[in-house]
Amino acid sequence: MELLKYIFLGFIQGFTETIPVSSSGHLMIFKTLMDVKVDFDTIAILTNFGSLIAIIILFWKDIVTLVKNFFKYLTKKEASAKSDYKYCWMIVLGCIPAGIGGFLVSYFDLFDKIEDNIKIVGISLIITSILLFAIRNFKGKKDDSKLGIKEALTVGCFQILGLFPGISRSGSTIVGGMSQGLKRDTAFKYSFMLYIPMSLAAMALELKDINLDSSLMLYYVSAILVSAIVTLLVTKWFRKIVNNGKLIYFSIYCFIVGLLVLLFLK
């Protein structure tokens with residue numbers, strides 16, 4: 001039964017991490033619903049690591065191409081690599097707003113009073129619902145080559161919203177990208193290109209809060225593996241949903257769950 005709890009939490013993290021429903025919000029909901037003795041902070045960090053592995057695998061070819069072309073243009077100024085060189089800098093630029101916001105939140109412990117407040121999750125899920133509803137019919141025309149400073153900073157600012165438990169990081173960044181006229185798949189890809197460095201930075205900041213128990217290593221590994229596998233499968237599915245313009249389904253889901261949380265959980 002104890003192993004199943006960790007597998008279940010790994011599944012929840014993997015299923016909700018990359019779709020716009022907020023993995024942190026759902027972990028808090030199940031933390032409230034489940035009367036179990038589990039270190040949720042530690043399991044959240046570990047299962048997020050599993051999700052990170054999955055995203056790196058999914059975008060591995062893109063990552064390798066971007067890194068190669070970045071240094072190719074930096075050292076040899078090859079014209080064919082210029083677009084990817086610029087894209088890499090847009091990733092850096094897009095991370096800055098949330099990076100500053102995340103540092104300030106961590107340094108001043110700004111969320112201490114609300115991080116365990118389940119009502120905040122309910123409100124945040126409804127906000128996510130509204131954001132997704134607002135861009136439900138958007139069809140941008142800008143591809144990767146058209147991603148500039150304005151678009152990168154806008155998406156970066158939207159990413160700050162993802163710091164709040166219950167507001168989806170992927171949802172807010174995709175909304176930010178589509179609001180700036182990016183194509184659906186371009187917004188999707190850029191969202192997850194930002195996810196990788198932001199997730200690494202968040203994990204580095206959260207390592208001080210991790211509390212590993214050597215007797216639970218099998219449970220930890222199981223949760224990480226389940227999270228990675230489920231994240232990989234769900235992200236591929238979610239990409240199709242975004243490209244087909246079906247984000248309205250997630251808007252409806254977030255609104256219903258947010259309302260239920262406000263009405264019935266405390």
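Only heavy atoms go into these numbers, but all of them, side chains included; no hydrogens, no water, no symmetry mates.
Applying the salt bridge (charged side-chain N to carboxylate O under 4.0 Å, His left out) rule to pairs touching residues 140-163 yields Lys142-Glu151, Asp144-Lys189, sequence neighbours excluded. Residue pairs meeting the salt bridge (charged side-chain N to carboxylate O under 4.0 Å, His left out) criterion with at least one partner in residues 77-106, sequence neighbours excluded, are absent. Here salt bridge (charged side-chain N to carboxylate O under 4.0 Å, His left out) pairs that include residues 119-135, with residues two or more places apart or in two chains, number zero.
Counting only heavy atoms from C-beta outward, the side chains of Leu153 and Pro97 approach each other to under 4.5 Å.
Heavy atoms of other residues, nucleotides or ligands lying less than 6.0 angstrom from CD1 of Ile149 number 12 at most. At most 12 heavy atoms of other shown residues, nucleotides or ligands fall within 6.0 angstrom of atom CZ in Phe49. Around the CZ atom of Phe15, the shell of radius 6.0 Å holds no more than 12 heavy atoms that belong to other residues, nucleotides or ligands. Heavy atoms of other residues, nucleotides or ligands lying less than 6.0 angstrom from CH2 of Trp89 number 12 at most.
Judged by distance alone, the side chain of Thr65 and the main-chain N or O of Lys61 form a donor-acceptor pair under 3.5 Å. Although no hydrogens or angles enter the test, the distance criterion places a donor-acceptor pair under 3.5 Å between the side chain of Ser170 and the main chain of Thr18. Put simply, the side chain of Ser22 never gets that close to the backbone of Ser168: no donor and acceptor are under 3.5 Å apart. Using a distance-only test at 3.5 Å, with no hydrogens or angles considered, a donor-acceptor pair links the side chain of Asn243 to the main chain of Arg239. In this structure, the side chain of Ser124 engages the main chain of Pro165 through a donor-acceptor pair within 3.5 Å. In terms of modelled atom types and a separation under 3.5 Å, the side chain of Tyr190 and the main chain of Met90 share a donor-acceptor contact. Without hydrogens or angle criteria, Ser222 side chain to Leu218 main chain gives a donor-acceptor distance under 3.5 Å.
Follow the hydrophobic side-chain contacts under 4.5 Å out from Val175 and you reach Ile241 in the same cluster. Transitive grouping of hydrophobic side chains (ILVMFWY, heavy atoms separated by less than 4.5 Å) keeps Ile100 and Met198 in distinct clusters. Leu233 and Val230 fall into different hydrophobic clusters, where Ile, Leu, Val, Met, Phe, Trp and Tyr residues are linked whenever their side-chain heavy atoms come under 4.5 Å apart, directly or through other members. Residues Ile210 and Leu225 fall into different hydrophobic clusters, defined by Ile, Leu, Val, Met, Phe, Trp and Tyr side chains chained together at heavy-atom separations under 4.5 Å.
Between Leu52 and Tyr195 the shortest heavy-atom distance is N-OH, 3.6 Å. Summarising the geometry of Arg184 relative to Val242, their closest heavy-atom pair is CD-O, 3.2 Å, with the distance given to 0.1 Å. The minimum heavy-atom distance linking Thr128 with Pro20 is given by the pair CG2-O, 3.6 Å. Closest of all the heavy-atom pairs between Ile7 and Val226 is O-CG1, 3.7 Å.
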Self-check item: ring pair (Phe, Tyr, Trp, His ring centres under 6.0 Å) evaluation trace for Phe133 with Phe255
Solution: CA-CA 10 Å; Phe133 184 80; Phe255 184 82; 9.7 Å; no

Practice problem: Walk me through it: do Glu17 and Ser227 pass the test side chain to side chain donor-acceptor pair (under 3.5 Å)? | Solution: CA-CA 9 Å; Glu17 176 59 42; Ser227 177; over 6 Å; no

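Between Tyr85 and Phe70, the ring planes are parallel. Angles under 30° get that label, and only those over 60° would be called perpendicular.
Residues meeting the ring pair (Phe, Tyr, Trp, His ring centres under 6.0 Å) test with Phe238, sequence neighbours left out: Phe188, Phe250. Contacts of Tyr253 classified as ring pair (Phe, Tyr, Trp, His ring centres under 6.0 Å), with partners at least two apart in sequence or in another chain: His26. In this view, Ser172 satisfies the side chain to side chain donor-acceptor pair (under 3.5 Å) rule with no residue, not counting sequence neighbours.
Side-chain contact of Arg169 with Ser23: a donor-acceptor pair under 3.5 Å is absent, judged by distance alone.
For the atom pair CG (Leu33) and CD1 (Ile118), the distance works out to 7.5 Å, reported to the nearest 0.5 Å.
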